[in-house]
Amino acid sequence: MSKAVKRLLFVCLGNICRSPAAEGVMQHLVNQRGLGNQIHIDSAGTSSYHIGEPADKRMRQAAEKRGYDLTSRSRMVSRRDGDEFDLIIAMDSTNLRTLSGMLVNSHAQIKLLSEYLSNDWPTEVPDPYYGGDEGFNEVLDMLEAACPNILAELQNDD
Ligand code: 4NP
């Protein structure tokens with residue numbers, strides 16, 4: 001890996017369920033591999049609905065059962081993020097469209113999380129907010145499968 005710190009931003013709608021979980025899963029993996037000072041991870045939402053709030057309690061509990069501590073507070077994605085991050089990963093195609101419209105000509109590459117998953121996974125990380133507990137676990141399953149592939153790409157990308 002090159003010496004420069006890589007900056008990675010996960011984005012969903014509310015920044016209280018999917019993207020904080022992505023941040024937590026990725027941070028755990030990066031810490032486990034001793035890469036904490038080489039990769040900076042953050043998350044944000046495309047909406048203002050939950051600004052300042054911690055991650056949804058149901059998401060925090062599901063994540064904690066797997067050993068992830070979700071500490072983020074919701075913030076809204078901004079144009080500046082397009083220049084401050086190298087890679088921005090959207091949880092679903094609606095988030096991707098919002099980001100693509102907002103971050104025209106930005107430094108960051110913008111991708112969909114499912115680009116890091118094999119074809120037998122869904123193409124969208126389903127929004128778990130209005131559903132049952134299994135939705136939160138499905139999100140975590142997808143994130144645990146995708147994060148090693150995201151990390152591998154960052155490590156190969158000089
Ligand atoms: P997230 O989930 O985008 O994964 O954080 C949602 C959280 C809140 C709402 C929708 C999705 N909401 O409509 O308030």
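Whatever order the structure lists them in is the order used to number ligands and atoms, beginning at 1. No hydrogens, no waters, no symmetry mates; every other heavy atom, side chains included, goes into these values.
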Among protein heavy atoms, which lies nearest [atom], and at what distance?
atom	answer
atom 9 (C) of ligand 1	Tyr129 CD2, 3.6 Å
atom 1 (P) of ligand 1	Cys12 SG, 3.5 Å
atom 13 (O) of ligand 1	Tyr130 OH, 3.4 Å

Short list, please: which atoms of ligand 1 are under 4.0 Å from a heavy atom of [X]?
X	result
Cys17	1 (P), 2 (O), 4 (O), 5 (O)
Asp127	2 (O), 6 (C), 10 (C), 11 (C)
Gly14	1 (P), 3 (O), 5 (O)

- Proximity to ligand 1 by part of Leu13, non-hydrogen separation under 4.0 Å: both
- Message: Applying a heavy-atom cut-off of 4.0 Å, say which part of Asp56 lies close to ligand 1: side chain, backbone, both or neither.
- Response: neither
Using a plain distance cutoff, I'd like to know if [X] has any nitrogen or oxygen under 3.5 Å from a nitrogen or oxygen of ligand 1.
X	answer
Ile16	yes
Arg18	yes
Pro128	no

- Find out whether the Lys NZ or Arg CZ of Arg58 is both under 6.0 angstrom from the six-membered ring centre of Tyr129 and within 45° of the ring's axis. yes
- Task: Indicate yes or no for a side-chain donor-acceptor contact from Ser47 to the backbone of Leu13 under 3.5 Å, with no hydrogens or angles considered.
- Result: yes
- Item | Expected output: side-chain Asn137 to main-chain Glu134 donor-acceptor under 3.5 Å | no
- Before accepting this row, confirm whether a basic side-chain N of the pair Asp81/Arg75 lies closer than 4.0 Å to the acidic partner's carboxylate O. yes
- Query: Hey, is Asp141 close enough to Arg66 for a salt bridge, meaning N to O under 4.0 Å?
  - Reply: yes
- Within a radius of less than 6.0 Å around CD of Glu115, do more than 12 heavy atoms belonging to other residues, nucleotides or ligands occur? yes
- Decide if atom CG of Asn105 counts as having more than 12 heavy atoms of other residues, nucleotides or ligands within a radius under 6.0 Å. no
- Got Leu29 and Pro148 here, is their nearest side-chain heavy-atom distance under 4.5 Å? yes
- Message: Counting only heavy atoms, tell me which of Met59, Met91, His50, Glu53 gets closest to atom 8 (C) of ligand 1.
- Response: His50
